[in-house]
There are 2 protein chains.
Amino acid sequence: MGSTDKTAVPTRVRLSRDRVLSSAIALADTAGIEALTMRRLGEDLGVEAMSLYNHVANKDDLLYGMIDRVYGEIDLPSPDDQWKSALRARCISFREVLARHPWATGLKDSGTRPGPSTLRHHDRVIGILRSGGFSLALTAHAFSAVDSYIFGFAMQENSLPYTTEDESAALARAFLANLPGEEYPHLAELTTQHVLQPGYRYVDEFPFGLDLILDALERRLTGPQDPKHNRTV
Amino acid sequence: MGSTDKTAVPTRVRLSRDRVLSSAIALADTAGIEALTMRRLGEDLGVEAMSLYNHVANKDDLLYGMIDRVYGEIDLPSPDDQWKSALRARCISFREVLARHPWATGLKDSGTRPGPSTLRHHDRVIGILRSGGFSLALTAHAFSAVDSYIFGFAMQENSLPYTTEDESAALARAFLANLPGEEYPHLAELTTQHVLQPGYRYVDEFPFGLDLILDALERRLTGPQDPKHNRTV
DNA sequence: ACCTGAACACCGTTCAAGT
DNA sequence: ACCTGAACACCGTTCAAGT
């Protein structure tokens with residue numbers, strides 16, 4: 001329509017890998033990963049599904065690209081900061097990113113084909129620990145422990161069937177109503193006396209476990225050497 | 001063939017929800033969760049896909065049933081055991097179960113519709129912590145921290161592209177060959193100097209993080225009260 | 001070089017029909 | 001009560017054809 005092109009054809013933004021990835025992430029964020037189909041993604045971009053294959057090799061490649069974008073969103077702490085506060089900030093940012101992109105939590109492809117943002121991120125985290133005095137073995141231990149916790153927490157958080165606090169309470173109440181309390185007394189007690197108390201939000205559990213791990217790592221680092229776990233290289 | 005039935009029709013084992021679940025788990029274990037389709041599952045059971053709908057409501061219901069079976073496989077420690085060793089044994093069993101059924105790790109449905117085995121398991125874990133002297137708040141903290149770690153570890157373990165130690169080394173070597181080492185020096189160092197050292201297996205990282213968390217929980221339990229995290233009910 | 005239409009081999013699920 | 005065949009509305013992906 002109002003195009004000043006000499007051809008009367010409406011100017012169309014060219015497709016690109018970047019645009020495909022951005023649109024795919026937006027779609028997965030808003031409609032869920034199961035809504036991300038090549039046909040629907042093409043529709044969102046005003047293009048036939050088959051055109052996407054000019055910019056991504058296949059759907060797996062698309063998912064790899066999306067995952068690398070997610071890693072790129074995590075705040076990269078400066079390597080000059082003190083290891084504990086730097087790592088803590090990075091972990092908090094990581095969880096927020098995974099909450100923003102729930103579909104990314106279960107995607108197991110990050111390990112197989114890490115993209116440039118993923119590699120940069122990993123290198124920085126390792127560097128922070130090494131600068132903080134961690135041996136190679138303790139660095140591997142720490143990285144594994146911390147990221148396992150974050151991934152697992154995000155997964156549990158995402159698997160909760162509610163989003164708002166009100167919904168949460170309503171569902172916990174419904175859950176409790178169906179629960180044979182005499183059969184599961186401890187579960188019933190924890191639900192009524194703790195989870196259903198005003199102000200409870202599962203996400204608030206995150207810092208407890210994170211600080212538990214970080215404090216324990218600090219103790220392993222500065223305290224007496226544990227020959228079982230903290231052998232030097 | 002050799003049937004002693006009065007009808008000459010070969011006796012066929014009747015379908016049942018139990019048989020459907022067992023067959024589905026076996027299929028997912030051996031061929032991967034993406035191979036678990038209603039048609040393929042029907043084939044394995046010698047039946048048309050549509051017959052399955054007489055025993056499961058739909059595919060989601062099938063997955064719920066499978067998840068509950070998985071929870072049923074976790075060793076339930078006796079509630080009379082000391083909390084730390086009981087919880088530790090349960091965590092080790094849990095990780096083993098998830099390694100046996102990798103498809104169960106990413107399934108987020110456990111929280112939404114817990115089955116009887118899942119409820120029994122949760123009730124027992126909560127009971128062990130409560131008997132060990134954990135407040136309700138600390139019980140919730142501990143449960144979340146420990147299970148986040150286990151789920152996340154299993155996810156990372158399952159996302160590794162190899163299974164045997166030799167494969168692992170070969171792939172790490174290939175990874176390293178493609179890695180621009182000057183761009184990611186810390187990642188390159190950790191890979192060559194630690195991961196590629198003989199005898200390294202990622203699964204061996206598990207007890208480090210687990211004991212890190214359990215020791216820290218014990219300290220929170222017996223040590224000076226932390227008003228931020230360990231408030232009583 | 002990039003986009004498209006038709007086609008292929010799949011999905012989960014429904015429904016009426018069989019026994 | 002349980003099983004089936006055909007059908008529906010989807011998938012990811014290929015391939016030759018268009019521009």
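The model shown is predicted, which means the values in this text are computed figures rather than measured ones. Below, chain A is the first sequence line, B the second, and so on; all start at residue 1.
The aromatic rings of Tyr149(A) and Phe206(A) lie parallel to each other, their planes meeting at an angle below 30°, with 60° marking the opposite boundary.
In this structure, Asn54(A) places its CG atom 13 Å from C1' of dG18(D), rounding to the nearest Å. In this structure, CG of Asn58(B) is placed 17 Å from P of dC11(C), rounded to the nearest angstrom. Tyr53(A) has its OH atom 18 Å from the P atom of dA6(C), to the nearest Å. In this entry the distance linking CD of Glu34(B) with P of dG12(D) reads 15 Å, nearest Å. Atoms CE (Met38(A)) and C1' (dC3(C)) sit 14 Å apart, rounded to a whole Å. Summarising the geometry, the separation between CG on Asp60(A) and C1' on dT13(D) is reported as 13 Å, rounded to the nearest angstrom. Between Leu45(A) atom CG and dC3(C) atom P the separation is 10 Å, expressed in whole Å. The nearest whole Å value for the distance from the CG atom in Leu52(B) to the P atom in dC2(D) is 14 Å.
A centroid separation of less than 6.0 Å is found between the aromatic rings of Tyr202(B) and Phe153(B). Checked against a 6.0 Å centroid threshold, the rings of Phe143(A) and His122(A) count as neighbours.
Each of dT4(D), dG12(D), dG12(C) was ranked by its minimum atom distance to the side chain of Glu48(B); first place goes to dT4(D). Checking dC3(D), dC11(C), dC2(C) against the side-chain heavy atoms of Thr37(B) singles out dC11(C) as nearest. With dC11(D), dT13(C), dT4(C) as the candidates, the nucleotide lying closest to the side chain of Arg39(A) is dC11(D).
Across all strands shown, dG18(C) is found opposite dC2(D) as a Watson-Crick or G-U wobble partner, with both distances under 3.5 Å. In this entry dA7(D) has dT13(C) as its Watson-Crick or G-U wobble partner, both defining distances falling under 3.5 Å.
Side-chain N/O atoms of Ser23(B) and Asp44(B) include no donor and acceptor closer than 3.5 Å.
DNA chain D is contacted by both Lys59(A) and Ala49(B); Ala49(B) maps to the nucleotide lying nearer its 5′ end (nearest heavy atom per residue). In terms of position along DNA chain C, the nucleotide closest to Ser51(A) lies nearer the 5' end than the nucleotide closest to the other residue of the pair Ser51(A) and Met50(B).
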Please test Glu96(B) against Asp75(B) for side chain to side chain contact (heavy atoms under 4.5 Å, CB included), starting from the C-alpha separation and ending with a verdict.
CA-CA 10 Å; Glu96(B) 283 169 1; Asp75(B) 288 342; 5.9 Å; no
